[in-house]
Structure formats: C-alpha cells, structure tokens
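Let me begin by presenting the structure, written as structure tokens, before commenting on it.
All values below come from the heavy atoms of this structure, side chains included, with hydrogens, waters and symmetry mates left out. All values reported here derive from a predicted model rather than from experimental measurement.
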Amino acid sequence: MKRVIILFTLLLFVVALQGAEKTFRIAVLTDLHVTPGNANDKKIDIAIDEINNDKLDLVVIDGDITNFGLDKELENVSKKLRRIRHRTLLTSGNHETTWSESGYSTFEKYFSRKDHDAFSIGDYAFISYAAGPYVKMGKQTIPLRTYSFIERSLEKYRNKKIIVATHYPLSKEVTNRGHLMELYQKYNVIFTINGHYHNMNLRNQNVCPSITCRALYVKRKDDFGYTLLELKGDSVSVYNKVLGEKKELFRKVHFKEDSFVSGLKGIPTERVAHPEDIQAECIINKGELIHGGVAVKDGIVYYGNDASEAVAFDAKEKRRLWTVKFKAPIYSTPTICEDRVVFGTLDKGIVALDAKTGKRLWKLEAYKRCCGVSTYADGYLYMGGQGMLIKIDPKKGEPVWTFRFADEGQVWGASAVCEDFVVFGAWDRNLYCINKLTGRKVWSWNNGRPSKFRAPGNVVPRISNGRVMIVAPDNKITVFNLTDGKVLYRTGERKVRESTGISEDGSLFLSKTMKGEGIAFDAGKDSFQEVWCTDLGWKYDHTPCPVLVSGNDAFFSSCDGEVAIVDIKTSERKAYATLGNSAVNAFSKDQNGDVYITLTEGSVFRIKRTK
C-alpha cells in the first residue's frame, strides 16, 4: 500500500511539472551603435559575456548595431555578435540602411543571412524584418518584397503565439503601416519588440503592444545595459538589465487586454491623398518602392526600383516599354544622355542602356556601389561612387578622369557643374571643388565637426554669381567664393537641412527649413539677406529632396508626401496637396516644362506646365 501511495504521489508530481508552463526568456540587444574603438565597442563585449552566462531561450538583435553601416563597422560588430551562444533573431536599423557606403549591399556578407528571419520555438513564433529608410534620411516605407515575406511567415505560424521584431514600432514614422496593422490583427500578433528610441517604453499600436527596448547606452541614465523579457501565460515581464547589476522590473504587460497600454495614445491611420489639389496626374501608382528620382524624355519615364529593375515607362500609354533586371535594388536616379539612359547600380557599376530598347550599350563594372544622382553637362556625365567622383564620356562609355577622395563615403547629391569647376559633397565629411578639365582638387571644406551625421554628404550645391551655396545637416546655410573656397558667410538664422534650389535667372538661392517653411535669399550678396519666408503647410520635416524651380514656380516637398508650390516673385503659396504618405524623393522636369514628382512608396505624378 505504501508503495502505491509513493507511485501515486510521483505521478501527481510529474503531471504537475508537465502542466506548469515554462518561462520563456529573451534578451534584447538594440541600438548598439558600435564603431571600432568607441565606448560601446568595449561594453558590448561585457553585455555578451553576461548574456552567455544567463539561461536564455533567445537573443533578439534589433537594429542600429553600427553608427554608419560602414563595412569596417559591420565586420567588427559581426565578429562580436557571433560570440553569442544562444539562438539569435537579427534585423538591421536605420543606421545600417541610411548612411551605408555600400548602398546596404554588404549586410548579408557579414552576417551570413539577410536582415529578416522567421522560425518557431515551442509555442512561440518569431519574425524579424527591416524596412529602411534606404540611402537617405526619411521615414520607413516597407517594400513589397518585405510585405510578402511577413505575410507568408504569419500564415505559416498562424497557430503559434507570434512576436515580431523590427527596429521601428508602428507609428507615423512607418508610412505604409495600414496593411501591416491589418495583418497583425488577422494573425493575432501578441506584441512587437522594437528599438530606435533608446529608452524603454510601451506603445499602443492599436492592434498589439510595442515593447520599445533600451539602447546599449542610455544617455539619460548614463548607463549601459540591455532588455530582458520573460514570457509566461498571457503576459510578458519587461526588465531593465544594467550591466553588472540585478535586473529591475519595468512593467508587466498582458498580451490581449492591458489596461495601461490601451490607455496610451494610439497611432493615426494613413492619410488620404488629394493630388487634384495641385492638378497632379498619377502616372505610376504604388508598385515597388522607388528610392530615387526619374528621368523623362519624349513622354517616357525612366527609373529604378526596389525590385532591382531599371524601367522605361510610357506615360501616355501607362505601360512599361522595357525592364532590365539587376541583382540589387537601384537607389540612383537615372540620367538621359541623348539616346541613352545611364544608371548607377550596386552590382554592375555604371550601366548605359539604349533609351528605346533597353539594350545595354556599355558598363563600367569597376565603379560599383553607385547610389546617388549624376549630372549631365556639356556632353559629359559626372557620377559619384564609393570614395570617388567620375567624369565619363557617355558615348564611348569611358572615364575621362576619376577623383578619389577617400576609401569610404558616397556621393549622393547631384554635382554642380559650371564653366571651370565641379562642386560636390561627400560622406567623408567634405565639400569638394574640382577642376572640370583635369579632375584635380581646387579646394575642399568641412564644418570642423567630427560627426558624419552633420556632413555635406547629400547636398546639392548651387552656383551663381561666383558663389557656391550649400545646406547640410548641420542646419546652416554656407556660401563660398567659387574660385578659392573662402567662406563668405555661414548662418543658422533659419534651421535648414540639405534641401536647396536656385531661380532660373540665378538671382535667388532657395531652401527649406525643418519647420516647414520655404525661404529665398539673395544669391548676389556676401551676407545672408532673406528675400522671403513662406509657410509651406506642414511642420517638422527632414527630407533632403531638392527644390525645383520652373519659371516662377518653386516646388517644395515633405517627408510625408506633401507638395507646395510657391511663386518666387510674390512669395505666395499658390498650391498645396498631399500626394501620398511617404517622402518625396525628387522633382524632375522634361523638355516641355512638365514636372514629375517621385514618392518612395512607388508613385510618380505629373503636373503639366500651365501656359
């Protein structure tokens, strides 16, 4: 009898153990911002040692693992992260995609897998993905290929408790969030793991909570650490883990109905576009993302897209004439050189295609990783690559000269070309003036700040009256003497950022402030003399889209798909419209004066010239 009681007791114990739900433990490393030799470079090793000595089920690496996405940064941090002995879920952040010298083409090389993943562990399924912004400042816009991956993964794991890890939480910073919110709701995503904002927080995403995790270094608290998540039942306990200290409970969150999260302000829905407000006709409607501008000739629109395609599109017939496939997304803006159109690519270098047929005429494969905007002037093409600017004879497909300025750093903005000089900015922190004939440096300048974030890497210089004007992310207007680079004036009177323009007669320089104002100032003066400042109709903005002037009309744009037209003579805002939800990349003008407007979400609009 005693033996039966013992066996029965053991059986009850085993049943109890099987019924007890295991705590699932996750460490989250996000916003590491590791550059070889910086403080984070040392502290990440300590964090990894702690994580390796802990009993964990998963480690999530949630983006911004570097500062600039440089190859040397990626190589360094990848070696460190490979020391983690637990299973990992990885994605990238905006610091890998926005300033990448490789056009975000080498991430997979250093991590031996792409920036998205999906798998299950027990009752849970985990999905990660990246969504930019790619090769310029802007908001996140999720590519179609990424949407397809997310939807396939959600369907595959529909019977699991699904957790999504991505750098940005759902917010107005994600321009095409509507469909994603529907998917999260349909497949019962229990919460998302996010970073980007550096401080621990909870966010109401309308359909599920966001657990926004701490950065490796939190400036506000002056400490280093990471986030711990412990899942059990229908809740997750969120802990702040400072290096060398015990974990500290931040908050316990219930998956389905959490009164604290539901009491937080939700996120707005996507806005409705009204292109008719400026009589804009939609030529190409929301397909694959477009990261650059378009080139237009005789009603044919040429562009590259996120699906790695170079496209010729008949604006009248609303159909593709030809498509040429590459192996990587195209971030550059194509340039028409008479009967050919030239693309900068990541995998094939600089490629010239027949404008009518798409047949390849030549390629300069040695100049890979071309991401920016080229300039065609006086029969020659000026195009930036990684660490260089190249002058090309587009008929022969041969370089005339190559100016190498650094081993790293891209040229994104279009060069300004005049009779004797070529002026351009680069992500090595410098503005350069080059002799147009010889390709030799005349002068260079930088703002003295060590950070590349404030450098003239995506500026479009403007030349008039022997002066060069730039606006860089340091929020200052700087005007130089063209021949010797002497700074004539430098002002922060208006908080500007990168976007520049010039009137057709060269009398006015134009720019856009970060407060949604368009400004014009005298291009013939050696001191800042503002002519007008006009409210464009929006508030905070940081899109680097250049200002286009056509006749008396100046076209300004925002990172939220808004466009304003200002009369440069009267300073009156003549028209305003919302064309979409994503950033306006560029304005282009054809030989008839029609203006084409490109949005990251894959739309192209045309405004016909009014006579």
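The side-chain heavy atoms of F405 and V411, taken from C-beta on, include a pair separated by under 4.5 Å.
Among residue pairs with one or both ends in residues 512-523, those qualifying as side-chain hydrogen bond (donor to acceptor under 3.5 Å, both in side chains) are K512-D541, T513-E517; sequence neighbours excluded. Pairs engaging residues 409-433 under the salt bridge (charged side-chain N to carboxylate O under 4.0 Å, His left out) rule: none recorded [sequence neighbours left out]. Sequence neighbours left out, the pairs with a member in residues 440-495 that pass ring pair (Phe, Tyr, Trp, His ring centres under 6.0 Å) are F68-F453, H95-F453, W99-F453, W443-F480, W445-F480. Among residue pairs with one or both ends in residues 374-385, those qualifying as salt bridge (charged side-chain N to carboxylate O under 4.0 Å, His left out) are D378-K436; sequence neighbours excluded. Pairs of residues two or more places apart, or lying in two chains, that qualify as salt bridge (charged side-chain N to carboxylate O under 4.0 Å, His left out) and include a residue from residues 459-472 are R467-D526. Every pair passing ring pair (Phe, Tyr, Trp, His ring centres under 6.0 Å) that includes a residue from residues 490-513 is listed here, sequence neighbours excluded: F509-F521.
The main-chain N or O of D590 is never found under 3.5 Å from a side-chain atom of Y596 such that the two would form a donor-acceptor pair. No donor-acceptor distance shorter than 3.5 angstrom exists from the side chain of N458 to the backbone of P544, with no hydrogens or angles considered. Judged by distance alone, with hydrogens and angles left aside, the side-chain atoms of N176 form a donor-acceptor pair with the main-chain N or O of I142 at under 3.5 Å. Judged purely by atom type and a 3.5 angstrom limit, K325 uses its side chain to pair as donor or acceptor with the backbone of A307. In this structure, the side chain of T175 engages the main chain of Q140 through a donor-acceptor pair within 3.5 Å. Judged by distance alone, the side chain of T375 and the main-chain N or O of S415 form a donor-acceptor pair under 3.5 Å. Listed for the K297 side chain is a donor-acceptor partner under 3.5 Å among the backbone atoms of E338. A donor-acceptor contact shorter than 3.5 Å is absent between the side chain of E96 and the backbone of G63. E601 contributes a side-chain N or O that, together with a main-chain N or O of S582, makes up a donor-acceptor pair within less than 3.5 Å. A donor-acceptor contact shorter than 3.5 Å is absent between the side chain of W412 and the backbone of C371.
Residues forming a side-chain hydrogen bond (donor to acceptor under 3.5 Å, both in side chains) with N481 (at least two apart in sequence, or on another chain): T483. For the side chain to side chain contact (heavy atoms under 4.5 Å, CB included) test, residues two or more places apart in sequence or in another chain that qualify with K396 are D393, E398. Legend: residues meeting side chain to side chain contact (heavy atoms under 4.5 Å, CB included) with E75, ordered by chain and number and at least two apart, are K79, Y110. Here V471 pairs with M469, I477, V496, T500, S511 under the side chain to side chain contact (heavy atoms under 4.5 Å, CB included) rule; sequence neighbours left out. In this view, P473 and R497, E498 satisfy the side chain to side chain contact (heavy atoms under 4.5 Å, CB included) rule, not counting sequence neighbours.
Side chains of D115 and Y104: a donor-acceptor N/O pair is present below 3.5 angstrom, by distance only. No side-chain donor-acceptor contact under 3.5 Å links H196 and D64. In summary, the side chains of N67 and T35 do present a donor paired with an acceptor at a separation below 3.5 Å, with no hydrogens or angles considered. Side-chain atoms of D505 and S503 include a donor-acceptor pair closer than 3.5 Å. Residues T91 and T166 bring no donor and acceptor atom of their side chains to less than 3.5 Å of each other. No hydrogens or angles considered: a donor-acceptor pair under 3.5 Å links the side chains of K136 and N585. Residues T600 and T141 bring no donor and acceptor atom of their side chains to less than 3.5 Å of each other.
Aromatic ring centres of H291 and Y331: separated by under 6.0 Å.
The line from CG of N40 to CG of N38 is 5.0 Å long, rounded to the nearest 0.5 Å. From R606, atom CZ reaches atom OG of S588 across 13.0 Å, with rounding to the nearest 0.5 Å. To the nearest 0.5 Å, atom OH of residue Y367 and atom CD1 of residue I350 are 7.5 Å apart.
Counted within 6.0 Å of NZ on K395, heavy atoms from surrounding residues, nucleotides or ligands total 12 or fewer; the atom is thus considered open.
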Less than 3.5 Å apart, which donor and acceptor atoms pair up between the side chains of residues 380-388 and the rest of the protein, not counting sequence neighbours?
{"unit_1": "Q386", "atom_1": "OE1", "unit_2": "R369", "atom_2": "NE", "d": "3.4"}
{"unit_1": "Q386", "atom_1": "OE1", "unit_2": "R369", "atom_2": "NH1", "d": "2.6"}
{"unit_1": "Q386", "atom_1": "NE2", "unit_2": "E101", "atom_2": "OE1", "d": "3.2"}

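Note on K109 versus D71: no salt bridge recorded, every NZ/NE/NH1/NH2 to OD/OE distance being 4.0 Å or above.
Ring-plane geometry between F403 and F424 is classed as perpendicular, the angle between the planes exceeding 60 degrees on a 0 to 90 degree scale with a lower cut at 30.
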